[in-house]
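The block underneath contains the structure these notes are about, expressed in structure tokens.
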Amino acid sequence: QVHLVESGGGLVQAGGSLRLSCTASGRTIYAMGWFRQAPGKEREFVASISFYDTTRIIENSLKGRFAISRADTLNTVYLQMNNLKPEDTAIYYCTYADVVGYWNADDFRSWGQGTQVTVSS
């Protein structure tokens, strides 16, 4: 069983930046990624990254502001969020998979505890 631990959330003003981290333990990791869930909304895909090649995928509307990276030896994935907007306010969750892709939240059962990101206007 994989254990996921997220960190890095917080309160930031619009236009600011945050960097989220998620570390996985318990098995070999092939891909990791992020979802987010705003109050009253469904959990939505943010980004994913392969641990075996250079593939990384960002949700189209977030390209140019969000970036995903990894630290292989640490089984850790990062989400760099720049020029944050109030609509980015959500709980951000990380997860893992065998294949990198444009994921659907319904396909996942294992999540980290989530980290709150709040962007004030």
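We number each residue from 1, following the sequence as shown.
- Residues satisfying the salt bridge (Lys or Arg N to Asp or Glu O under 4.0 Å) test with D53, not counting sequence neighbours, are none.
- With sequence neighbours left out, the salt bridge (Lys or Arg N to Asp or Glu O under 4.0 Å) criterion links R70 to D72.
- The disulfide (SG to SG under 2.5 Å) analysis of residues 51-85, with sequence neighbours excluded, yields no pairs.
- Counting only residues at least two apart or on different chains, no disulfide (SG to SG under 2.5 Å) pair has a member in residues 25-61.
- Rounding to the nearest 0.5 Å gives a distance of 8.0 Å between CG of N75 and OG of S25.
- Sorted by first and then second residue, the ring-ring contact (aromatic ring centres under 6.0 Å, His included) pairs with a member in residues 1-32 read Y30-Y52; sequence neighbours excluded.
- Nearest heavy atoms, Q116 versus A90: NE2-O, 3.4 Å.
- By the ring pair (Phe, Tyr, Trp, His ring centres under 6.0 Å) test, F35 pairs with F45, F108, W111, sequence neighbours left out.
- Hydrophobic clustering (ILVMFWY, side-chain heavy atoms < 4.5 Å, transitive): Y93 and W34 are in distinct clusters.
- Annotation for K41 and Q37: closest pair O-NE2, 3.1 Å, computed over non-hydrogen atoms.
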Expected list for residues 96-105: side-chain donor-acceptor pairs under 3.5 angstrom, two or more places apart:
unit_1: D98; atom_1: OD1; unit_2: R27; atom_2: NH2; d: 2.7
unit_1: Y102; atom_1: OH; unit_2: E59; atom_2: OE2; d: 3.2
unit_1: W103; atom_1: NE1; unit_2: V99; atom_2: O; d: 3.0
unit_1: N104; atom_1: OD1; unit_2: D106; atom_2: N; d: 2.9

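- A side chain to side chain contact (heavy atoms under 4.5 Å, CB included) with V46 holds for exactly one of L20, I57, L62; it is L62.
- Between R36 and V117, every side-chain heavy-atom pair lies at or beyond the 4.5 Å cut-off.
- The two residues P86 and A14 come nearest to each other via the heavy atoms CD-CB, 4.2 Å.
- Qualifying side chain to side chain donor-acceptor pair (under 3.5 Å) partners for R56, counting only residues two or more places apart in sequence or in other chains: none.
- Rounding to the nearest 0.5 Å places CZ of F66 at 9.0 Å from CG of L18.
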In residues 76-85, what donor-acceptor pairs under 3.5 Å come from side-chain atoms, sequence neighbours left out?
unit_1: T76; atom_1: OG1; unit_2: T23; atom_2: OG1; d: 2.8
unit_1: T76; atom_1: OG1; unit_2: L74; atom_2: O; d: 3.0
unit_1: Q80; atom_1: NE2; unit_2: N82; atom_2: OD1; d: 2.9
unit_1: N82; atom_1: OD1; unit_2: S17; atom_2: OG; d: 3.0

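- Panel note: side chain T89, backbone V119; a donor-acceptor pair is recorded below 3.5 Å.
- Judged as a salt bridge (charged side-chain N to carboxylate O under 4.0 Å, His left out), not a single pair has a partner in residues 110-121 (not counting sequence neighbours).
- Residues forming a side chain to side chain donor-acceptor pair (under 3.5 Å) with S69 (at least two apart in sequence, or on another chain): none.
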Please list every donor-acceptor pair under 3.5 Å in which a side-chain atom of residues 6-13 meets a protein atom from a residue at least two apart or in another chain.
unit_1: E6; atom_1: OE1; unit_2: Q113; atom_2: N; d: 2.9
unit_1: E6; atom_1: OE1; unit_2: G114; atom_2: N; d: 2.4
unit_1: E6; atom_1: OE2; unit_2: C94; atom_2: N; d: 2.6

